[in-house]
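Below is one structure; the comments refer to it alone.
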There are 2 protein chains.
Amino acid sequence: MNAGRTARDRARAELTREIKDAARRQLAAEGAERLSLRAVSRELGMVSSALYRYFPSRDDLLTALIIDAYDALGAKAEAAAKDQDDPRTAWLAVCRAVRVWAVAHPHEYALIYGSPVAGYKAPESTIQPAGRVAVVLLGILSRAQDTGVLVAPAEAPEPLGLLAEQLTVFKEMAPGVPPKVLVRTVIAWTQLFGMISFELFGQLVGTMDPADEFFLQATDQLADFIGLTQEFG
Amino acid sequence: MNAGRTARDRARAELTREIKDAARRQLAAEGAERLSLRAVSRELGMVSSALYRYFPSRDDLLTALIIDAYDALGAKAEAAAKDQDDPRTAWLAVCRAVRVWAVAHPHEYALIYGSPVAGYKAPESTIQPAGRVAVVLLGILSRAQDTGVLVAPAEAPEPLGLLAEQLTVFKEMAPGVPPKVLVRTVIAWTQLFGMISFELFGQLVGTMDPADEFFLQATDQLADFIGLTQEFG
DNA sequence: ACATGTCAAGAGCACTGCTCTCGATTTAGT
DNA sequence: ACTAAATCGAGAGCAGTGCTCTTGACATGT
């Protein structure tokens, strides 16, 4: 049973990886819709039907790519956060890292944050990797709270009713952070990806393109909005 | 030359409309990727090749649907703005109208604000309709400025350099509105569609779903963020 | 050495977008 | 009113797609 022991197991793992690599290359070149099993098989010099031994369907191959993309982005976000001590700097670094990854892998970004692929239902296995960036952001908030550099904005209203209930998931991930800050964090979270999507999907062309300065300005203001104070030397 | 005079012209206009309607039905049922010319032709009881007399390619049909979608959304936004006197109320009404339309037409929303269709390059003709919602929002800002209910936030930094230059387009559409407010408007603009995209594309499932209360809360705070003050009875 | 499970290959089905040709019909110019 | 041009739907056909099923070769564990 030992994983990867027999030659067959090793060959299988290797080929699975090669298929995903080829698929990623196609994804980058053509986009998700034009990802074709036959083209992948052609690139690998095998027959299309053989791919079905490794991925039961095109959707399963897509799922694998989606999970890999979430994980790659999540890893970048985690790395960016770890490099910084000051929570506000960490926040900005994570925002920047997410954008850098997105710009470098636009098709993979579109795969996970763009419109859902037609007829494709995201399986359970994708939701955990999908949450990694949010976990990082909440971790930063939590640390800021602990070190006293998080100052809940006075003008932010206290969330009530259903909205307060919906925060429970986040409360557990960032204990001690005031609910009003959590709401603003969710706002900032959707804002972060909203900006990147607009940039990558061409909505900013003719106005805020290139978006570097706008992005810096926006994430900085969002840090204020959340209540992440500047640290003093 | 008189448009729509001959029987042929009328028949052509009619059929063009029917093709788009059928395509929209397919879009709603299956999504953009699965929009098939053959299926449309089947629904209309004609042969697939005949469709090419009306739309030179599948992409051209998509373009027509995209423009129609932008126009439909733009019309809703304009109507929502016209119904309100108070700028802040108008702002909230437009945000709400955009979301209502998006929820009612998720596939059309995905078509215009989701990931670009593979291999599809948006033609010039789409950029004017694409700007309608932004024009409405800037109009509200401009009116707020004129009536004195727009109070530029003191803590917002003054945009400099490239960022200040990129605002020129918006300055013309909303004369008199301070640059710092324009930057925040763009932030709010990306935020609005970021939230809706997250909601429609399933990123909020398990947390802020349903997103009604969150959306209300967010748009309200965004109004503050921009500087749209509450009006007093 | 043998039965078992796994593998790539190939043929085939029902689709797709798109092109071209073919007559039929309608329009526009004289 | 007659004719030439433009337009139309139909049909065949090409190259591509995802996917299924069968076949024969190979490696695996006993």
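Reminder, nothing fancy here: chain letters follow the sequence lines and each chain counts from 1.
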query = Which sits closer to the 5' end of DNA chain C, R42(B) or V47(A), going by the nucleotide each is nearest to?
reply =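 The residue closer to the strand's 5' end, by nearest nucleotide, is V47(A).
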Residue whose nearest DNA chain C nucleotide is more 5′ - R53(A) or L37(B) =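 Result: R53(A).
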Please evaluate the base of [N] for a donor-acceptor partner in the side chain of [X] within a cut-off of under 3.5 Å?
X	N	result
S49(B)	dA10(D)	yes
R8(B)	dT25(C)	yes
R38(A)	dG16(D)	no

I need the [atom1]-[atom2] distance between [X] and [N], as an integer number of Å.
X	N	atom1	atom2	answer
M46(B)	dC8(D)	CE	P	10 Å
E30(A)	dT17(D)	CD	C1'	14 Å
R10(A)	dC7(C)	CZ	P	14 Å
L62(B)	dG17(C)	CG	P	10 Å
I19(B)	dC8(D)	CD1	P	10 Å
E14(B)	dC8(D)	CD	C1'	16 Å
L51(B)	dC8(D)	CG	C1'	13 Å
L44(B)	dG9(D)	CG	P	10 Å

Within the 4.0 Å heavy-atom criterion, would you say [X] contacts the bases, only the backbone, or no part of the nucleic acid?
X	result
L15(A)	sugar-phosphate
A7(B)	sugar-phosphate
S48(B)	base

ask   = Cut-off 3.5 Å, side chains only: do Q191(A) and T190(B) have a donor facing an acceptor?
value =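 The criterion, which ignores hydrogens and geometry beyond distance, is satisfied for T190(B) and Q191(A).
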message = Please give me the minimum heavy-atom distance between A188(A) and I226(A), naming the atom from each residue.
response =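 Where A188(A) meets I226(A) most closely, the heavy atoms are CB-CD1, 3.7 Å.
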query = Do you know the tightest heavy-atom contact between L27(B) and H107(B)?
reply =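 Nearest heavy atoms, L27(B) then H107(B): O-CG, 3.2 Å.
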key: Presence of Y54(B) side-chain N/O under 4.0 Å of dT7(D) phosphate oxygens OP1/OP2   =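 Result: no.
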task = Determine: side-chain N/O of R58(B) to OP1/OP2 of dG17(C), distance under 4.0 Å, yes or no.
result =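 True: R58(B) side-chain N/O within range (under 4.0 Å) of dG17(C) OP1/OP2.
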request  = I would like to know whether I187(B) and Q217(A) meet side chain to side chain contact (heavy atoms under 4.5 Å, CB included); could you show each step before the answer?
outcome  = CA-CA 9 Å; I187(B) 293 179; Q217(A) 184 64 235; 5.5 Å; no
request  = Would you indicate which nucleotide in dT19(C), dA28(C), dA9(C) comes nearest to any side-chain atom of Y52(B)?
outcome  =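 In terms of side-chain proximity for Y52(B), the closest of dT19(C), dA28(C), dA9(C) is dT19(C).
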inquiry  = Side chain of S36(B), heavy atoms from C-beta onward: which of dT16(C), dT27(C), dC7(C) has the nearest atom to it?
reply    =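 Closest nucleotide among those given: dT16(C).
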task = Please collect all ring-ring contact (aromatic ring centres under 6.0 Å, His included) contacts where either partner lies in residues 21-70 of chain B, sequence neighbours excluded, each pair once.
result =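 Passing the test, one end in residues 21-70 of chain B: Y70(B)-Y113(B).
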